[in-house]
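Remarks on the structure that follows.
Throughout, a chain's letter reflects where its sequence line sits, starting with A, and its residues are numbered from 1.
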There are 2 protein chains.
Amino acid sequence: MDVKTVCLGMLTDGPASGYDMKKCFESSFGHFFPAGYGSIYPALATLARNGMVEFVEVPQEGKPDRKVYSITESGREELLKGLSNLNPTHKVRSEFLAIVWFAHLMSDEQINTVIDNKLIEIEGFLKLFEAFPDCECDDVPKGAQFVAGFGQHMAESIRTYIKDNRDMLTDLDEEPDVKVAIGS
Amino acid sequence: MDVKTVCLGMLTDGPASGYDMKKCFESSFGHFFPAGYGSIYPALATLARNGMVEFVEVPQEGKPDRKVYSITESGREELLKGLSNLNPTHKVRSEFLAIVWFAHLMSDEQINTVIDNKLIEIEGFLKLFEAFPDCECDDVPKGAQFVAGFGQHMAESIRTYIKDNRDMLTDLDEEPDVKVAIGS
DNA sequence: ATGCATACTATCAATTTGATATATAAAATC
DNA sequence: GATTTTATATATCAAATTGATAGTATGCAT
């Protein structure tokens, strides 16, 4: 599955421009399937060339024209093909874990900063979920709810693991600062 | 951080060929930082060109020559630069979650198979950890232990979440098959 | 005997990344 | 009042990565 398939999937929710899709990748999709302009625009161009999507150019005032894409019938068939993978991947690419793997080559201070920053990042991410608690309200598709819950569960799980095990990584956990009794 | 940095890191454990490194990516590193021949060989070529690594060609009988690479002093400095990122990424690219997001476009049977297969895959992955229980034994660096534990914890967490929430995704959880009492 | 696994190297097209270019207007900051 | 940033929108480019394939030889299994 590539960005083309995901773009087709997004268009089943209604017409959208490349810019709209980029925002969608930023807000939700990108957390588990990232894409930037450099993959979105070529994907849309290819899909249009092959008749999977159609577009109309909507003139704007003072802004570039919008190209608003819609999925076609061929596009819907292509999408179902793209989704029909019974062994889909789930890949992680983590600079964080690579750095931690080589912790013994680095200073305790460096590692501690990396860990602190990662915990802050996770905390910020988890705050996003407090906003809409278990949004099983409206017409949000069950799949999206499952994926959102997955993300939240993962973030909590990572936070827990890091907090519970970070002291493995530094020689002295938190510079003991033990005042040895003088004259003992 | 790119594959070059990780290759340098691997070489701090001792000299190795591209083939050796590929096996290392397959067995451990690849679970959180994947790389194939197509990135390893170009990485080693670039590193050699820039004096970050040196290599000797070791003739073999009936097999192609081995090119055995070693890290240089410049390489060690370059590695430390590569590791000195205080905000390293942790990215997920999941066809699995993308498919699940669009579950409403698919049949229950398809989704159930995808989920079953994923659970089997996770089960298989977790069996790898039973082999060496908490390998804090030898001289395995703490960083590697932390990362291995991280992987195990994540896999368990994903398994739990999927098992607890998979029924969100299908209309009827497991084809009820309720035999209604006749004549009630 | 024919195919598959292991041991090595390496390359290639297609895809993706991350940054940048272009252009205008509104909002924020100084 | 001037400057910077943010938002709206398009698009492209070099570099990196993916996933597959090619080449060459030995051994093992069916």
It should be established whether [X] places a side-chain nitrogen or oxygen under 4.0 Å from OP1 or OP2 of nucleotide [N].
X       : N      : result
A:Lys4  : C:dT15 : yes
B:Tyr19 : C:dA7  : yes
B:Tyr41 : C:dT9  : yes
B:Lys22 : C:dT9  : no
B:Lys91 : D:dT17 : no
A:Lys23 : D:dT8  : yes
A:Arg93 : C:dT16 : no

Electrostatic pair [X]-[Y], nearest N-O below 4.0 angstrom:
X        : Y        : value
A:Arg159 : A:Glu123 : yes
A:Lys23  : A:Glu26  : no
B:Lys81  : B:Glu78  : yes

What is the distance, rounded to the nearest whole Å, between atom [atom1] of [X] and atom [atom2] of [N]?
X       : N      : atom1 : atom2 : result
A:Phe25 : C:dT17 : CZ    : C1'   : 13 Å
A:Phe55 : D:dA9  : CZ    : P     : 16 Å
B:Phe29 : D:dT17 : CZ    : P     : 14 Å
A:Ile40 : C:dT17 : CD1   : P     : 10 Å
B:Arg66 : D:dA25 : CZ    : C1'   : 16 Å
A:Met21 : D:dT8  : CE    : P     : 17 Å
A:Asp65 : D:dA11 : CG    : C1'   : 13 Å
A:Asp20 : D:dA11 : CG    : P     : 13 Å

Choose from [options] the nucleotide whose nearest atom is closest to any side-chain atom of [X].
X       : options                : result
B:Val3  : D:dT17, D:dA11, D:dT18 : D:dT17
B:Asp2  : D:dT10, D:dA16, D:dT12 : D:dA16
A:Tyr37 : D:dA11, C:dT9, D:dA9   : D:dA11
A:Gln60 : C:dT9, D:dT17, D:dT8   : D:dT8

B:Thr113: which of B:Asp116, B:Ile111, B:Asn117 passes side chain to side chain contact (heavy atoms under 4.5 Å, CB included):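 Output: one option passes, namely B:Asn117.
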
Sugar-phosphate only, base, or nothing, as touched by A:Ala35 at under 4.0 Å among non-hydrogen atoms: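 Sugar-phosphate: the residue A:Ala35, judged by heavy atoms under 4.0 Å, touches backbone atoms but no base.
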
Toward the 5' end of DNA chain C, by each residue's nearest nucleotide, B:Val68 or B:Thr89: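 Closest to the 5' end, via its nearest nucleotide, is B:Val68.
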
Polar contact flag, side-chain donor to acceptor under 3.5 angstrom, B:Asp20-B:Ser17: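 Judged by distance alone, the side chains do pair up.
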
Residue pair B:Leu11 / B:Tyr69: nearest heavy atoms and the distance that separates them: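 Nearest pair, atom of B:Leu11 first, then B:Tyr69: CD2-O, 3.5 Å.
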
